[in-house]
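Keep in mind that this is a model prediction, so the values were computed, not measured. Counting begins at 1 with the first residue of the sequence.
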Amino acid sequence: MLKRENVLVIGSGGREHAIARAMRLSPSVAEVFCAPGNAGMTSVGTLVSLDVNDHAAVIRFVEEKSVALTVIGPEAPLVAGLGDALRARDHLVLGAGSQAAQLEGSKIHAKTFMAKYGLPTADFRVFDDAKEAKKFAESPEGAKFRVMKADGLAA
């Protein structure tokens with residue numbers, strides 16, 4: 001007989017809705033919990049009011065509801081280490097650890113990583129001062145650069 005397991009999907013966007021829907025269709029899934037979810041996700045799972053920034057609360061929920069798999073969609077909880085916290089308690093997680101998530105969470109980290117390992121990427125400069133960045137952008141050398149980005153998650 002097929003064992004059916006509970007699943008927790010972290011997030012509230014379209015990507016997480018699609019993941020929750022796919023989980024709901026699986027014969028091996030008993031219940032899908034969505035945190036925080038969105039109104040459209042009520043057709044595929046149970047919405048739970050859970051602060052995904054409170055790792056201890058998420059762990060308690062996972063343990064209380066016998067969640068076999070937690071799927072973390074958004075980058076912010078991944079960068080904040082939610083997956084790492086769950087893994088430290090031997091819970092199965094689909095989602096990058098905080099170190100790997102930094103490739104998405106920090107433009108500076110990603111560009112530096114690519115340069116260090118010889119991965120193809122556009123030239124870049126890092127500035128700590130907005131005035132220095134503007135001065136560079138207006139210089140002849142800066143004229144070849146066309147994109148300026150702030151470091152961090154853009155959501």
Side-chain angles (χ1 to χ4, degrees), residues 1-128 130 133 146-155:
M1 183 148 125
L2 180 66
K3 184 176 180 185
R4 294 172 45 103
E5 304 278 6
N6 293 336
V7 173
L8 171 61
V9 177
I10 302 287
S12 60
R15 168 179 44 196
E16 293 81 31
H17 187 155
I19 291 167
R21 183 174 181 272
M23 293 292 175
R24 167 57 42 224
L25 295 173
S26 172
S28 63
V29 172
E31 188 165 2
V32 177
F33 298 103
C34 305
N38 64 52
M41 293 168 81
T42 58
S43 64
V44 296
T46 302
L47 301 188
V48 291
S49 180
L50 194 57
D51 179 359
V52 300
N53 296 311
D54 183 347
H55 296 179
V58 174
I59 290 167
R60 271 192 310 277
F61 179 85
V62 164
E63 293 173 354
E64 287 171 6
K65 297 296 183 177
S66 300
V67 170
L69 172 66
T70 301
V71 180
I72 306 172
E75 293 85 2
L78 293 171
V79 170
L82 178 57
D84 299 329
L86 286 161
R87 285 185 190 95
R89 295 288 297 259
D90 293 324
H91 296 294
L92 186 60
V93 177
L94 179 59
S98 61
Q99 188 174 5
Q102 283 298 320
L103 291 171
E104 178 68 25
S106 168
K107 308 289 187 277
I108 294 170
H109 179 79
K111 295 297 268 186
T112 303
F113 179 91
M114 289 182 266
K116 178 178 178 180
Y117 292 103
L119 301 171
T121 187
D123 288 339
F124 70 100
R125 303 284 191 284
V126 176
F127 297 93
D128 293 323
R146 300 289 182 240
V147 177
M148 296 182 84
K149 295 182 177 185
D151 192 45
L153 291 171

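For the residue pair N38 and G13, the shortest heavy atom distance occurs at ND2-O, 4.0 Å. Between P36 and S12, the closest heavy-atom pair is CG-CB, 4.1 Å. Considering all non-hydrogen atoms of both residues, A110 and L103 come closest at CB-O, 3.2 Å. The shortest heavy-atom contact between S98 and V79 is CB-O, 3.5 Å. Pairing each heavy atom of H55 with each of A80, the nearest pair is CE1-O, 3.1 Å.
Interatomic distance, OG of S43 versus NE2 of H17, reported as 4.5 Å (0.5 Å rounding). E64 CD to I59 CD1: the interatomic distance, rounded to the nearest 0.5 Å, is 12.0 Å. Expressed to the nearest 0.5 Å, how far OG1 of T46 lies from NZ of K65 amounts to 8.5 Å. Between the CG atom in L92 and the CG atom in L86 there is a gap of 10.0 Å [rounded to 0.5 Å]. Atom CZ of F61 is separated from atom CG of N6 by 8.5 Å, given to the nearest 0.5 angstrom. Within the model, atoms CD1 of I19 and CD1 of I72 stand 11.0 Å from one another, a figure rounded to the nearest 0.5 Å.
Heavy-atom neighbours of R24 CZ from other residues, nucleotides or ligands within 6.0 Å: above the threshold of 12.
Between L69 and M23, some side-chain heavy-atom pair lies under the 4.5 Å cut-off. By the 4.5 Å heavy-atom criterion applied to side chains, E16 and P74 are counted as neighbours. You'll find the side chain of V58 reaches within 4.5 Å of the side chain of L8, heavy atoms only. Residues F124 and I108 form no side-chain contact, since every pair of their non-hydrogen atoms from C-beta on lies 4.5 Å or further apart. Side-chain contact between V67 and H91 is absent, with no heavy atoms from C-beta onward closer than 4.5 Å.
At distances below 3.5 Å, not a single donor-acceptor pair connects side-chain atoms of R4 with backbone N or O atoms of S28. In this structure a side-chain-to-backbone donor-acceptor pair under 3.5 Å is present from K111 to A122. A donor-acceptor contact shorter than 3.5 Å is absent between the side chain of T112 and the backbone of H109.
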_Run R89 and E63 through salt bridge (charged side-chain N to carboxylate O under 4.0 Å, His left out) and show every step you take._
CA-CA 10 Å; R89 295 288 297 259; E63 293 173 354; 3.0 Å; yes

*Evaluation steps, side-chain contact (heavy atoms from CB on, under 4.5 Å), between I10 and T70*: CA-CA 7 Å; I10 302 287; T70 301; 3.9 Å; yes

